[in-house]
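As the structure is a computational prediction, the values presented were derived from the model and not from experiment.
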Amino acid sequence: MKESRAGVPMGGTGARQSWGQRTTIPSCWSAEFGPSTIPAVLSLAGRRFADEPWMAFKGEVQTFAHLTSNVATIAAGLEALGIAKGDRVGLFLGNTFEWLQIEYAVTALGAALVPLNTALRARELEHIVSTSEMNLLVWGGNVVGHDTLPLLQSLVPEAHDAPVGEWKSGKFPALRQVVGVGAGEWPEGVIPWAEIIASGRSAGPQNIPENNVTSDDVALIMFTSGTTGVPKGALITHGAIVDHLAHWVTHIGLGAGDRSILASPLFWTFGCTMNALVPLLAGSMIVLDDQFDPVRFLEHLVTFTCTHVQGVPTHYELALTHPNADGCDLSSVRVVQIGGSSGIDGLVQRIRERMPNADLVSSYGLTEAVIASTWTDLGDPLEDIISTVGHAAPDNDIELRDPATGHVVPTGAVGVLWVRGPNVTKGYLGNPEATKTSIIDGWLNTGDLASADARGYLSIMGRGVDAFKRGGANVYPAEIEVVLNERDDVAGAAVIGVPDPVQGEVGVAFVLRQPGTEPSEQDLLDYCRTQLASYKVPASIQFVDSLPLTPTGKIQKFVLREQWINANRQPEKTSD
């Protein structure tokens, strides 16, 4: 029987089959750097591209030689602090040179990096620091103009009350030290970043340690939420990142001389995997900003004649519809990655008009599989870019399974999307039950619903865990519902994602008040802002007399979605 690229049998017999044979890392890479580890790739990049620019940030440009020298110094400083293989290092820092340098240094020592979203509140951070059993916390004192020291004090008050080496955290027994990055006065229990650098330099010229890790060692612990509302730490190995992204670099044809623009946070999986490794593999340059601003985004595109654009549809929309876009020559752009939202027809047309020489690449991915498991090909027609997320990556197998029987569904039918490949997470940290239910015989259940055509090109039909994307960031309703339901004046809550012209999607919370209470919409929104990152806070609260339930007591969110659509449907225009 002929099969599609996505593993959906053309004849639809229901037998479990997968398309083709997964390939290994492209030989042009593996023959050169040997082991599939971040420090091995970094060392090779330093030798191959020493004088080429690695990153531009706030008017400064660093070469690959600067990068490798700085990483070696940081690694030596962290090693002197006692960081070793198996340790876990949290990083709370805005976009800057140091963010990726710290990632490279930590992983070169054999420790695992735990990226922290700088929009999180104390209760969200407490869960991650505790669950990860973090040994060192590297903290940025100022993130995009915001003083973060009050947040640090609420998280680790002991570091404000006693000198370095004399405090112990009551909430986090594994946490040994806090390092502060940035200028200004730090509490006496926090080690200033300058001391780490001085310690690293005192050891004399250093090389990047390459022998501490193997491809199977964990490089990143990425916390991602789901139906439980409690973030889980996905274990991402060196090999999963390096091998998979080598295929991506080959696919879009990046090389030395290319310039990639990025204004999305490096703490996103997209930032600390794809953006961390692509320059090292390709010898290309990153043009980085600390936050997205449409005017600066356009200026950087023009000033650096960027050839590769990566980000989220919301950013593209804001930049290309800005008045300044009319005077910008964007003809240097040859590849645009697009993903993270639905309903992008108009945006795709604008990209083609503003960037006439660009190929668009649509993709699908998730944290647990290093961001991209499917992608379209360069030169694919716009119809494929708009309506599909492409075919399986060369090193991945894809199956669409009937949720009831577990059998592969026929071509064109909707099924749950399962992914298998070397990029799939090893599991969830300290959560064997979640690992067991999500990963079966090497196959990852994404929870998303998709269909595939005869070529194996996938169309995402829905998100099985009710997740939605606000401005390109994943939002999981269960997290918000937990926060709302803990209030004494809330009897029940359900959150859905609804379309938004700017953000792509935003959250709407349907709330059932406790009898005898009268919380206002503002009361609940203000409470959410104290407990959740700003992008998770619902756009609105709608009070209801009841929530639609199944016979088994589960909330029927599709009913709420239909109610919202009907209530917000625009009246049809009539001709005079």
Indicate the atoms forming the closest heavy-atom contact of [X] with [Y], along with that distance.
X      : Y      : answer
Pro115 : Met222 : CG-SD, 3.5 Å
Asn117 : Phe92  : O-CE1, 3.9 Å
Ala219 : Ile241 : CB-CD1, 4.1 Å
Ala450 : Ile460 : CB-CD1, 4.0 Å
Ala493 : Asn485 : N-OD1, 3.2 Å
Ser154 : Ala122 : OG-CB, 3.9 Å

Between [X] and [Y], is any side-chain donor less than 3.5 angstrom from a side-chain acceptor?
X      : Y      : result
Thr269 : Thr367 : yes
Gln310 : Asn275 : yes
Ser362 : Trp375 : no
Asn474 : Tyr535 : no
Asn423 : Asn396 : yes

Could you give the distance from [atom1] ([X]) to [atom2] ([Y]), rounded to the nearest 0.5 Å?
X      : Y      : atom1 : atom2 : result
Ile386 : Ser459 : CD1   : OG    : 12.0 Å
Leu449 : Leu458 : CG    : CG    : 12.0 Å
Ser540 : Phe510 : OG    : CZ    : 7.5 Å
Leu91  : Met134 : CG    : CE    : 9.5 Å
Leu366 : Thr224 : CG    : OG1   : 7.5 Å
Thr388 : Asp380 : OG1   : CG    : 7.0 Å

Contact between [X] and [Y] at the side-chain level, heavy atoms closer than 4.5 Å - yes or no?
X      : Y      : result
Val218 : Ile236 : no
Lys171 : Ser130 : no
Val278 : Trp248 : yes
Ser451 : Val414 : yes
Met355 : Val336 : yes
Phe558 : Pro548 : no
Leu524 : Phe543 : yes
Asn95  : Asp289 : no

Sidechain-backbone polar pair: [X] side chain, [Y] backbone, donor-acceptor under 3.5 Å:
X      : Y      : result
Thr446 : Leu417 : yes
Asp500 : Gln503 : yes
Thr237 : Ala240 : yes
Thr376 : Val361 : no
Arg561 : Val498 : no
Arg354 : Ala325 : yes
Arg121 : Ala119 : yes
Thr131 : Ile128 : no
His127 : Lys232 : no
Ser169 : Leu175 : no

More than 12 heavy atoms from other groups under 6.0 Å of CD on Gln563: yes

Asp488, CG: over 12 other non-hydrogen atoms inside 6.0 angstrom: no

Steps toward side chain to side chain contact (heavy atoms under 4.5 Å, CB included) verdict (Phe297, Val309): CA-CA 10 Å; Phe297 192 79; Val309 179; 4.0 Å; yes

Derivation and outcome, salt bridge (Lys or Arg N to Asp or Glu O under 4.0 Å), residues Arg513 and Asp545: CA-CA 8 Å; Arg513 292 184 176 105; Asp545 296 327; over 6 Å; no

Salt bridge present between Arg455 and Asp384 (N-O < 4.0 angstrom): yes

Short N-O contact, Glu399 and Arg420, less than 4.0 angstrom: no

Criterion side chain to side chain contact (heavy atoms under 4.5 Å, CB included) against Val483, the qualifying member of Arg487, Glu486, Glu481, Glu479: Glu486

Intermediate values then yes/no, side chain to side chain contact (heavy atoms under 4.5 Å, CB included), Val348 and Leu360: CA-CA 8 Å; Val348 167; Leu360 281 75; 3.9 Å; yes

Arg350 NZ/CZ over Tyr316 ring centroid, <6.0 Å and within 45° of normal: no

Pairs meeting criterion side chain to side chain donor-acceptor pair (under 3.5 Å) with involvement of residues 427-439, two or more places apart: Glu368-Tyr428

Evaluation steps, side chain to side chain contact (heavy atoms under 4.5 Å, CB included), between Ile439 and Thr425: CA-CA 9 Å; Ile439 305 170; Thr425 176; 3.7 Å; yes

